[in-house]
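Below you will find the structure I want to go over with you.
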Amino acid sequence: MNSATLELPVIVGSEQEQGIDISRLRAATGCITLDEGYANTGSCKSAIAYIDGERGILRYRGYPIEELAERSTFIETAWLLIYGELPRRDQIRRFSDLLTENENLHEDMKYHFEGFPSNAHPMAILSAMINASSCFYPGLMGAANRERFDIHAARLISQVRTIAAFSYRKSRGLPIIYPKPIYKYTANFLHMMFSEPYQDYELKPEVVRALDLIFLLHADHEQNCSTSTVRMVASSQSNLFASAAAGVCALWGPLHGGANQAVIEMLETIVESGDDGSKFIAAAKTKASGKRLMGFGHRVYKHYDPRAKIIKTVCDQLFASLELRDPLLDVAKRLEEAALSDPYFVERKLYPNVDFYSGIIMRAIGIPKEMFTVIFAIGRMPGWIANFKEIIDDTQGRIYRPRQIYVGAPERHYVPLDARGPSAPR
Ligand code: ACO
């Protein structure tokens with residue numbers, strides 16, 4: 001063990017968070033740090049989102065999530081995340097114009113949708129189609145990443161919604177519905193999802209607002225798995241579309257964005273089995289069962305996720321104003337109540353996260369569960385773009401390249417096939 005002593009600088013963030021800068025450690029001592037799962041590792045300095053997991057605080061560019069949820073819209077918040085300030089009237093107008101100008105996909109992209117099987121998961125289609133978009137907009141690489149950034153960013157935010165709606169229509173064997181320039185962002189998405197060529201979908205303001213809020217609440221969450229993936233890909237100077245497509249893949253898993261679908265599947269299983277929730281809670285506390293209470297727990301929040309609080313209120317408001325009932329909501333509330341007073345969850349600081357109630361709202365709107373993670377991806381796009389921008393704006397930035405501790409075989413030498421022992425019986 002190398003016993004050298006080394007003084008390391010401490011970096012202090014604007015909210016007094018402290019990080020030890022270990023970038024000179026290996027050069028000076030031969031050692032690296034090992035932090036599997038990165039629970040204790042800061043990968044970058046960022047000015048986009050701030051989370052205090054102990055106190056249940058989330059701010060975008062300094063603005064509390066509760067204020068934005070009450071007063072802003074998804075599109076205004078997207079601009080705030082990407083450009084750092086609340087937009088002036090002319091800035092938001094130009095952004096809206098860019099979104100409208102770019103809402104249609106290149107007509108040839110429609111043929112790509114034909115190639116997917118009808119039961120393809122929409123996240124696979126979303127990631128493939130975002131990446132395929134790179135083919136239609138040459139000149140996305142290198143310096144063009146910066147020079148035409150505004151257009152690429154607006155195009156991606158606008159088209160991810162069109163791709164998502166088209167992939168849903170395709171999975172149902174339904175005709176594609178084109179966007180309508182008169183509609184604002186979220187209304188337009190609902191129109192492309194649910195209108196028919198012979199009849200427009202009836203847009204209810206409370207439904208539009210609830211979905212807009214879901215987008216807004218998902219818009220960024222600092223260095224989570226998918227955002228770190230976007231930064232990783234962007235650090236090699238890949239283009240915006242390729243970086244975002246990688247983010248979609250990372251988001252797909254059930255421990256990340258896929259949890260909203262997993263929550264509904266868990267609630268459905270509980271309701272179908274006639275369990276009042278208590279059997280499931282007991283199983284979730286036993287590792288051998290392989291079950292977890294989906295929508296509970298978070299790597300950073302050791303307190304109620306502030307987004308979950310807002311979503312729960314919106315869920316109650318939507319159900320009241322549309323006079324809806326859903327047995328899944330009743331079970332979810334029972335599970336939450338039971339878990340919040342159960343020592344297993346209390347001791348481990350496991351609270352509802354953003355996914356616990358969002359699926360119930362989307363179900364009420366008529367969005368099928370295999371689209372839930374796609375909705376999350378649409379919402380998260382501004383955060384990914386803002387993080388991509390931080391990478392390309394950093395002229396001192398280096399490619400992301402972690403190290404490892406090798407635990408494999410020591411050096412050995414090649415053995416010819418005939419000398420490797422007898423084959424196992426078939
Ligand atoms: N149900 C039951 N037990 C849980 C749960 C849960 N949902 N979450 C964590 N635990 C337990 C673990 O078994 C572990 O117990 P132990 O100390 O006895 O070994 C302890 O709590 C700590 O859990 P970790 O897995 O170490 O926590 P980590 O920070 O790695 O994981 C995660 C966080 C993945 C979110 C986890 O809580 C989980 O799997 N939750 C369910 C899935 C989910 O809702 N994901 C969405 C996250 S939010 C988002 O991505 C938008």
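Bear in mind that the values here come from a model prediction, so they are computed numbers and not experimental data. Counting starts at 1 for both ligands and their atoms, following the listed order.
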- prompt: Can you list, by chain and residue number, every protein residue with a non-hydrogen atom closer than 4.0 Å to ligand 1?
  reply: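 Residues within 4.0 Å of ligand 1: L255, H256, A259, A284, K287, R292, L293, M294, G295, F296, G297, H298, R299, Y344, R348, L350, N353, V354, D355, F376.
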field: Ring-ring centroid check H221 F376, cutoff 6.0 Å
entry: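 No, ring centres 6.0 Å or more apart.
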Set of side-chain hydrogen bond (donor to acceptor under 3.5 Å, both in side chains) partners for N102, sequence neighbours left out: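 Result, side-chain hydrogen bond (donor to acceptor under 3.5 Å, both in side chains) vs N102: R155.
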message: Please enumerate all residues that pass side chain to side chain contact (heavy atoms under 4.5 Å, CB included) together with C44, with sequence neighbours excluded.
response: S46, Q223, R231, Y400
- prompt: Can you list the residues that meet the salt bridge (charged side-chain N to carboxylate O under 4.0 Å, His left out) rule with E15, with sequence neighbours excluded?
  reply: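 In terms of salt bridge (charged side-chain N to carboxylate O under 4.0 Å, His left out), with neighbours along the sequence ignored, E15 is linked to R59.
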query: Is a side-chain donor-acceptor pair under 3.5 Å present for D150 with Y83?
result: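 Result is yes, a qualifying pair exists.
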- prompt: Would you say the side chains of S358 and N260 form a donor-acceptor pair under 3.5 Å?
  reply: no
